[in-house]
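A short worksheet on the structure shown next.
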Amino acid sequence: MPENPPAQNPVKPTAEGLVAAAGGFRRKGPPPLHLWHPPFCGDIDMKIARDGTWFYLGTPIGRAPLVRLFASILRREGDAYFLVTPVEKVGIRVEDAPFIAIDAEWRGEGAAQDIVFTTNVGDAVAAGPAHPIRCPRDALTGEPSPYVMVRDGLEARIDRKTFYRLVEIARPARHEGADWLGLWSGGAFFPLIPAAELP
């Protein structure tokens, strides 16, 4: 018998293993990711495409409950994204934002207005200081790419149809010394387009 037996090969992370580790936490409310600090186990062949589709081993994940489970254990650290369970942490690729805001509803007007977004994974997010809307534009084309913060650095890109509906309720206001067209929600103003650029 050798004095030093060879080290066992670490188990390669799999989607099935993640489901088994995280599945016990399916209940109302998000899993307590802030309490989980497992070791990094490497990257997994999973990505979230720009349109919000989740892929595993190059194949779209077609089961909505499974996508929602993975979305609930997604964490961002800097520019990197991880799926985290109590026992492992694996890296995944995200092409743009991990979620898509597919609808929005609003009530009130002006500074008293509230906008609530619905994401493709079933989250409802009320825009405001803790969940800001931002609207960067492509440096070459000027095309806007609007986002809303969902949680803990994870954003949802606002889809085109929803953004066009929001532009219809946008109002002018002063922002950082300039006039902008933007959206009010949760007592905060979120600029979209400089007034000087309006037709």
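All values below come from the heavy atoms of this structure, side chains included, with hydrogens, waters and symmetry mates left out. No experiment lies behind these values; they were computed from the predicted model shown.
- Pairs of residues two or more places apart, or lying in two chains, never qualify as salt bridge (Lys or Arg N to Asp or Glu O under 4.0 Å) while including a residue from residues 183-193.
- V125 and F99 fall within the same hydrophobic cluster, defined by Ile, Leu, Val, Met, Phe, Trp and Tyr side-chain heavy atoms under 4.5 Å apart, directly or through other members.
- The side chain to side chain donor-acceptor pair (under 3.5 Å) test applied to E176 returns no partner, not counting sequence neighbours.
- A pairwise comparison of heavy atoms in W54 and P98 identifies NE1-O, 4.3 Å as the closest pair.
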Could you pull out all donor-acceptor pairs under 3.5 Å where a side-chain atom in residues 188-197 meets a protein atom, sequence neighbours excluded?
unit_1, atom_1, unit_2, atom_2, d
E197, OE1, R137, NH1, 2.8
E197, OE1, R137, NH2, 2.7
E197, OE2, R137, NH2, 3.1

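- Residue I158 is grouped with residue L181 when hydrophobic side chains (ILVMFWY) are merged at heavy-atom distances under 4.5 angstrom, including chains of intermediate members.
- For S145, there are no side chain to side chain donor-acceptor pair (under 3.5 Å) partners, not counting sequence neighbours.
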Could you go through F117 and D123, starting from their C-alpha distance and side-chain angles, then the distance that decides it, and tell me whether this counts as side-chain contact (heavy atoms from CB on, under 4.5 Å)? CA-CA 8 Å; F117 292 91; D123 290 316; over 6 Å; no
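- Across every non-hydrogen atom of V148 and A127, the tightest pair is CG2-CB, 4.4 Å.
- If you take CG on L83 and CZ on R75, they are separated by 10.5 Å, rounding to the nearest 0.5 Å.
- Residues Y147 and F163 fall into different hydrophobic clusters, defined by Ile, Leu, Val, Met, Phe, Trp and Tyr side chains chained together at heavy-atom separations under 4.5 Å.
- Under the 4.5 Å side-chain criterion, counting only non-hydrogen atoms from C-beta, R93 is in contact with D45.
- By the salt bridge (charged side-chain N to carboxylate O under 4.0 Å, His left out) test, D96 pairs with R50, R157, sequence neighbours left out.
- A distance of 4.5 Å separates CD of E155 from CE of M149, quoted to the nearest 0.5 Å.
- With sequence neighbours excluded, the residues satisfying salt bridge (charged side-chain N to carboxylate O under 4.0 Å, His left out) with D179 are R174.
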Apply side-chain contact (heavy atoms from CB on, under 4.5 Å) to the pair D51 and I100, showing each step before the final yes or no. CA-CA 7 Å; D51 68 358; I100 305 293; 5.8 Å; no
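- Shown here are the salt bridge (charged side-chain N to carboxylate O under 4.0 Å, His left out) partners of E168, two or more places apart in sequence or in another chain: there are none.
- D159 is linked by a side chain to side chain donor-acceptor pair (under 3.5 Å) to K161, T162, counting only residues two or more places apart in sequence or in another chain.
- Here the straight-line distance linking atom OG1 of T119 with atom CZ of R151 works out to 8.5 Å at 0.5 Å rounding.
- Contact of the I48 side chain with the L74 side chain is registered, since non-hydrogen atoms from C-beta on lie closer than 4.5 Å.
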Less than 3.5 Å apart, which donor and acceptor atoms pair up between the side chains of residues 57-71 and the rest of the protein, not counting sequence neighbours?
none

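- Considering only residues two or more places apart in sequence or on other chains, D138 meets the salt bridge (charged side-chain N to carboxylate O under 4.0 Å, His left out) condition with none of them.
- Note on V94 and F55: separate hydrophobic clusters, where clusters join Ile, Leu, Val, Met, Phe, Trp and Tyr whose side-chain heavy atoms are under 4.5 Å apart, directly or indirectly.
- Screening residues 74-94 for ring-ring contact (aromatic ring centres under 6.0 Å, His included) gives F40-F82 as the qualifying pairs, with residues at least two apart or on separate chains.
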With a cut-off of 3.5 Å and sequence neighbours excluded, list every side-chain donor-acceptor pair involving residues 101-116.
unit_1, atom_1, unit_2, atom_2, d
D103, OD1, R165, NH1, 2.8
Q113, NE2, W184, O, 2.9
D114, OD1, G186, N, 3.2

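- Atom CZ of R76 and atom CG of D152 lie 11.5 Å apart (nearest 0.5 Å).
- Hydrophobic clustering, with ILVMFWY side chains joined whenever heavy atoms are under 4.5 angstrom apart, groups V84 together with L154.
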